[in-house]
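Quick note on labels: first sequence line is chain A, next is B, and so on, each numbered from 1. Just so you know, these numbers use all the heavy atoms, side chains as well, and skip hydrogens, waters and symmetry mates. Note that the coordinates shown come from a computational prediction; the quantities given were computed from them, not determined experimentally.
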Amino acid sequence: MNSKEFIARRIAKELKDGDIVNLGIGLPTMVANYVPENINVTFQSENGFLGLGPAPEEGKEDKDLTNAGAQPVTMLNGGCFFDSSMSFSIIRGGHVDITVLGALQVDGKGNLANWMVPNKIIPGMGGAMDLVTGAKKVIIGTEHCTKKGAPKILKECIYPLTGANVVDVIVTELAYMTITDKGLVLEEIAPNVTVEEVISKTDAELIIAHNLKIMDIE
Amino acid sequence: MNSKEFIARRIAKELKDGDIVNLGIGLPTMVANYVPENINVTFQSENGFLGLGPAPEEGKEDKDLTNAGAQPVTMLNGGCFFDSSMSFSIIRGGHVDITVLGALQVDGKGNLANWMVPNKIIPGMGGAMDLVTGAKKVIIGTEHCTKKGAPKILKECIYPLTGANVVDVIVTELAYMTITDKGLVLEEIAPNVTVEEVISKTDAELIIAHNLKIMDIE
Amino acid sequence: MSKIISYEKAVDKIKDGMTIMVGGFLGVGSPHNLIDTIFKSNIKDLTIIANDTAFPEIGVGKLVVNRQVKKVITSHIGTNKETGRQMSAGELEVVLVPQGTLAEQIRAGGAGLGGFLTPTGIGTIVEEGKQKITIDGKDYLLELPLRADVAILGGSIVDKKGNVFYNKTTRNFNPLMAMSSDTVIVEAEKIVEIGEIDPHLVMTPGELVDYIVGGGK
Amino acid sequence: MSKIISYEKAVDKIKDGMTIMVGGFLGVGSPHNLIDTIFKSNIKDLTIIANDTAFPEIGVGKLVVNRQVKKVITSHIGTNKETGRQMSAGELEVVLVPQGTLAEQIRAGGAGLGGFLTPTGIGTIVEEGKQKITIDGKDYLLELPLRADVAILGGSIVDKKGNVFYNKTTRNFNPLMAMSSDTVIVEAEKIVEIGEIDPHLVMTPGELVDYIVGGGK
């Protein structure tokens, strides 16, 4: 199992029966593959529907039915379509229970930066700023460090923010952390990972939970 | 022909091909009966549709299809339904070309009062405040005086306003008047009515148009 | 767990003093059996948000007549003389709001907006107590969102998940209220299986509906 | 008089320097043939309002590549590298707006609202140059409405009056833009007789549509 699958599996365990969930592009999208069998969740797609289903079989793509990344998808029985204004009323109005997004940087105050690298890559925020503002719970799914090994979980984000004080949970291949009033709390570590390793790869200060657990993805 | 029919017939001549029109309850509703045959207008009903048609035949009423007065109506071919938010987006957003409303009082500055008589009758404004604000042209259809013979067209409205400086045209059984930057202009008088009679029954100052015409309802 | 419950169980969700949004336009699209069930209950001191107070014998107007309402936020009370009488007698607080503003306030409440600027009401007593903001030389009133504890709505066809289709002019305020209330109860004329409503005709997503009643027709 | 005109006649309505809203989400629901007709024309210096700049070879992105655009107001340019390149080189002005704010600005432009208060963007650079208003202790940004000279939209089924049905996820920004543009042109996949679309499935009233093109399919 690679890091991304491990992260997606751990995040999937956060979902509860009846949740409305919006998954960002990339790693977050993988969460849909690991929803626990005994619960029903509804995926929202910000381009205009509830009831996002899996990719269609080859040859059965519908050009009029795509996800927010323009990939062909399916709709589950009981879904519904709407326009962008309604879509973001649902998002900003607090009707989305969980959003899962990636990060360029995230910090101990719950700040998130994931929409631009100044003077380098500026894709735009898309729906991310509305999602972090409106969703009841914001989960960041990201590899713990950049490809060059630099920490992504910082004392304070340097890149322009997507949202200030918005993140609730950070899940990486090394750790499961929550953002609390007291700071960033290390709640769980991956199997075969030490607290020291997590601390060394994290720029933000970590509060170690009294009942530190091993991340369980089953 | 009674006064109300005369007023409704004159107002109907203001309608142009392609207009979207919202008619208030009472006298204004009668305007729909006299739309010139060579033009197409669409009536909007603020409870949620475009394409308001005539009353249904007896026994063919649909409890789910009413006008803003809760009376059974029909929808013309090519109409469409929407919710109250869209309905007032259409109204407030300037998509209604003409609204025809009644008046308790109207004045030479284009102020209109038609939603409450203090300490007496307070029905509420319903959609009238949005209509006078949003419609491109506001036509008031009213009898020239109250039942007791008091002028309704005043120097300045006394009752609480529905809108300030919103009225474009006033049509009564005696006269057709426009509100201009210079004041209230008497443009037309009814057949067999004198300018003096109109002036005597009007509290507001009247500017007499140079090319004063006789009201034509044919 | 099924969302379909009895009228009595549904009305148990409504407590004295709560703020309730009631769908419908002069009773068209209103949840009439839910209203009747509240009418028969001892629930009191309600704040009602609705387009109008309908008629003394029809729709939400019955609750006014029955003295179960302490405050109404609405655009029109002219069809229910009892609302006006209680207001004049100081027995009922009535807040009159332009209909488009009321619709937009309810929408804002469900859409996470902190308010909106409308030209409606400028130069009238609707201005009173409100902030005026000028944009590009034009005056607007800052109007604030409305939310409720419970919305009771009238749906034409409802599937077992709660997806609602409102027929013709029964739609009116119903879908807006479904977005801006903590608990949403829909009275269905007809209940169907999940998937029987065309996904383009779903006007309130089932995810927003907590309880379904009725469907006897 | 028929609203159905040729692509060339439709594109004649678009002049150099105009502000154009373009429906679609990464090209899905965009008026592709209208875009191609603009691409082949000499029209330049456009300001484009659209959810995204799609792809270099698909959708409104082609106009960026073809240097017909001087300014873009959008939420996402990541799928069209040429937009980013022109922006970095100072050849194209790009205003990046959160997607929900963009949708709401376009809606406000068509709904006669002077603006709205959104919590989105608080604490970020989106705040810059905007008025901040605090309601009940919570901060909001005052965002202003957007309007355009012309909207070009992608409709799935359009009747001869202009009533539009947008299929599945092709709806997105299209119905909002139909409300907030002086001239509205819809490219139809299929044109039908008036009355053939269920009045509940009409997502843009025909009264708001000025011209219809296409329908060849």
Trainee: Kindly check if the number of other-residue, nucleotide or ligand heavy atoms within 6.0 Å of CG (C:D136) is above 12?
Mentor: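 No.
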Trainee: Shortest non-hydrogen contact from C:K161 to A:G78?
Mentor: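 So the minimum-distance heavy-atom pair works out to NZ-O, 2.8 Å.
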Trainee: Would you say the side chain of C:R107 lies within less than 4.5 Å of the side chain of A:S85, judging by non-hydrogen atoms?
Mentor: yes
Trainee: Examine distances only and state if a side-chain atom of A:H95 and a backbone atom of C:L208 form a donor-acceptor pair shorter than 3.5 Å.
Mentor: no
Trainee: State, to 0.1 Å, how close C:M179 and A:S89 come at their nearest heavy-atom pair, and which atoms those are.
Mentor: CE-CB, 3.7 Å
Trainee: Please check if atom NZ in A:K4 has more than 12 non-hydrogen atoms from other residues, nucleotides or ligands closer than 6.0 Å.
Mentor: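 Count not over threshold, so no.
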Trainee: Count the heavy-atom pairs under 4.5 Å between each of C:N163, C:I197, C:L201, C:D159 and chain A, then report the option with the highest count.
Mentor: C:N163
Trainee: Rounded to the nearest 0.5 Å, how far does CE of C:M203 lie from CZ of A:F82?
Mentor: 14.5 Å
Trainee: Please check if the number of heavy atoms outside A:D181 that lie under 6.0 Å from its CG is greater than 12.
Mentor: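 Open: at most 12 neighbouring heavy atoms sit under 6.0 Å from CG of A:D181.
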Trainee: Say whether, by atom type as modelled, one donor and one acceptor occur between the side chain of A:N77 and the main chain of C:I194 under 3.5 angstrom.
Mentor: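 Yes, A:N77 side chain to C:I194 backbone: donor-acceptor pair under 3.5 Å.
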Trainee: Minimum heavy-atom separation for C:P205 to A:L50, with atom names?
Mentor: CB-CD1, 3.5 Å
Trainee: Rounded to the nearest 0.5 Å, how far apart are CZ of A:F81 and CG of C:D198?
Mentor: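 It comes to 8.5 Å.
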Trainee: For each of C:S180, C:G112, C:A111, C:P145, tally heavy-atom pairs with chain A at distances under 4.5 Å, and name the one with the top tally.
Mentor: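 Highest number of heavy-atom pairs under 4.5 Å: C:A111.
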Trainee: Kindly compute the distance separating CD (C:E207) from OG1 (A:T42), expressed to the nearest 0.5 Å.
Mentor: 4.0 Å
Trainee: Take a 6.0 Å sphere around CG of A:N2 and say whether it holds more than 12 heavy atoms from other residues, nucleotides or ligands.
Mentor: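 Yes, enclosed.
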Trainee: Relative to chain C, which segment of A:I90 carries a heavy atom at a distance below 4.5 Å: side chain, backbone, both, or neither?
Mentor: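 Both parts, backbone and side chain.
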